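These numbers were taken from a predicted model, which means no experiment stands behind them. Naming: A, B, ... by sequence-line order, numbering from 1 per chain.
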Amino acid sequence: MPELPEVETTRRGIAPFLVGRRIAAVRVRETRLRWPVELPDLAGREILAVERRAKYLLLRFDEGALLLHLGMSGSLRVVGSGAAAGKHDHVDLDLDSGRSVRLTDPRRFGSLHFLADAPERHWLLRDLGLEPLSAAFDGAYLHAKARRRRVPVKHLLMDARVVVGIGNIYANEALHGAGIRPSLKAHRLSRPRCEALVAAVKETLTAAIRHGGTTLRDFVGGDGRPGYFRGELKVYGRAGEPCVRCSAPLVGTRTGQRATVYCRNCQR
DNA sequence: CCCAAGACCTGGCGGC
DNA sequence: TGCCGCCAGGTCTTGG
């Protein structure tokens, strides 16, 4: 579920409750996430920072870090320690403040690892591409990556080895913003169109973060509140409705396995 | 190397 | 109400 804006919203929501606090206890009620959860005893460890890389969250200790992914249906919330746990509340990190960070994830596609060494060397992070909001992610970079690829440009945007954090919602939105048809083969993208696409990605993600992310069903930020970008979506979930730019009915289709929506008139 | 499809899970929804 | 099939924000793995 969560794409970069939702993960970033979560990070900002929980960080104030975590940074400078110590872990009092870790309670793992369900180890069967994407990979089996195996954590060392973290009691007494101080959380120095809460960072994000791609769609991963990183809780840094003086030595080591927790690496967490929310998968499709995961969320993190700050609750009072000892708050009753529901069926899908798989992990609690109890803090010395009397609060806990609770990981909830019905589909269990999320993950939680303890990293003893440098996070960037971990196999889950090692091969990741650029952060979309970094200066390095620009038209020249995207153009160079697009050249040899025959996949639809939408796939390229969602390829974490190229650029991270963009999932199905924001890929659809950014392509509409840039006026590019999702099915266009990546290698046919001109350099100027790459520039336009990069700009649209940055604008879309920045706006989504400003609105606290997109809640379709069950996403909540660290404070338990949903995101409000859903009302700002221009194409995702709007197949058959009029394009906000030209009023033509939006087309709903499939690219690979994923739902794709675009405007036949203003996306070429 | 590139690419498409399958796999992993649960829950909500529409249709009958 | 109940059951059934389909769909969902991700991404690793497999096989061609």
Describe, in one word, how the ring planes of A:W123 and A:H113 are oriented to each other, choosing from parallel (under 30°), tilted (30 to 60°) and perpendicular (over 60°).
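A:W123 and A:H113: perpendicular rings.
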
Is any side-chain N or O of [X] closer than 4.0 Å to OP1 or OP2 of [N]?
X	N	answer
A:K87	B:dG11	yes
A:Y56	C:dG10	no
A:R258	C:dG9	yes
A:R107	C:dT11	no
A:R34	C:dG10	no
A:H155	B:dC3	no
A:H88	B:dG11	yes

Tell me which of A:A259 and A:L128 sits closer to the 5' end of DNA chain C, going by the nucleotide each one is nearest to.
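The answer here is A:A259.
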
May I have the distance from [X] (atom [atom1]) to [N] (atom [atom2]), rounded to whole angstrom?
X	N	atom1	atom2	result
A:W35	C:dG10	CH2	C1'	10 Å
A:M158	C:dA8	CE	P	11 Å
A:Q257	B:dC8	CD	C1'	14 Å
A:E3	C:dT11	CD	P	9 Å
A:M72	C:dA8	CE	P	8 Å
A:D105	B:dC9	CG	C1'	9 Å
A:L124	C:dT13	CG	P	8 Å
A:D159	B:dA4	CG	P	12 Å

Whole-Å [atom1] distance, [N] and [M]:
N	M	atom1	value
C:dC12	B:dG11	C1'	23 Å
C:dC6	B:dG6	P	14 Å
C:dC7	B:dA5	P	15 Å

Are A:H69 and A:Y56, when compared by the centres of their aromatic rings, separated by less than 6.0 Å?
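So the answer is yes for these two rings.
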
Pairing partner of B:dC2 (Watson-Crick or G-U wobble, both distances under 3.5 Å):
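Paired with B:dC2, as far as the under-3.5 Å criterion goes, is C:dG16.
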
Is B:dC9 paired to anything, Watson-Crick or G-U wobble with both distances less than 3.5 Å, and if yes, which nucleotide?
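By the stated definition (distances under 3.5 Å), nothing pairs with B:dC9.
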
Is a side-chain N or O of [X] found less than 3.5 angstrom from the main chain of [Y], in a donor-acceptor match?
X	Y	value
A:R29	A:D89	yes
A:Y141	A:V162	yes
A:S73	A:R107	yes

Qualifying residue, where the test is side chain to side chain donor-acceptor pair (under 3.5 Å) with A:N168 and the options are A:K154, A:R258, A:E173, A:E3:
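Only one of A:K154, A:R258, A:E173, A:E3 forms a side chain to side chain donor-acceptor pair (under 3.5 Å) with A:N168, namely A:K154.
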
What I want to check is whether an N or O donor and acceptor connect the side chain of A:R108 with the base of B:dC9 at under 3.5 Å.
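Such a pair does not exist between side chain and base.
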
A:R161 or A:F109: which one's nearest nucleotide on DNA chain B is closer to the 5' end?
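That would be A:R161.
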
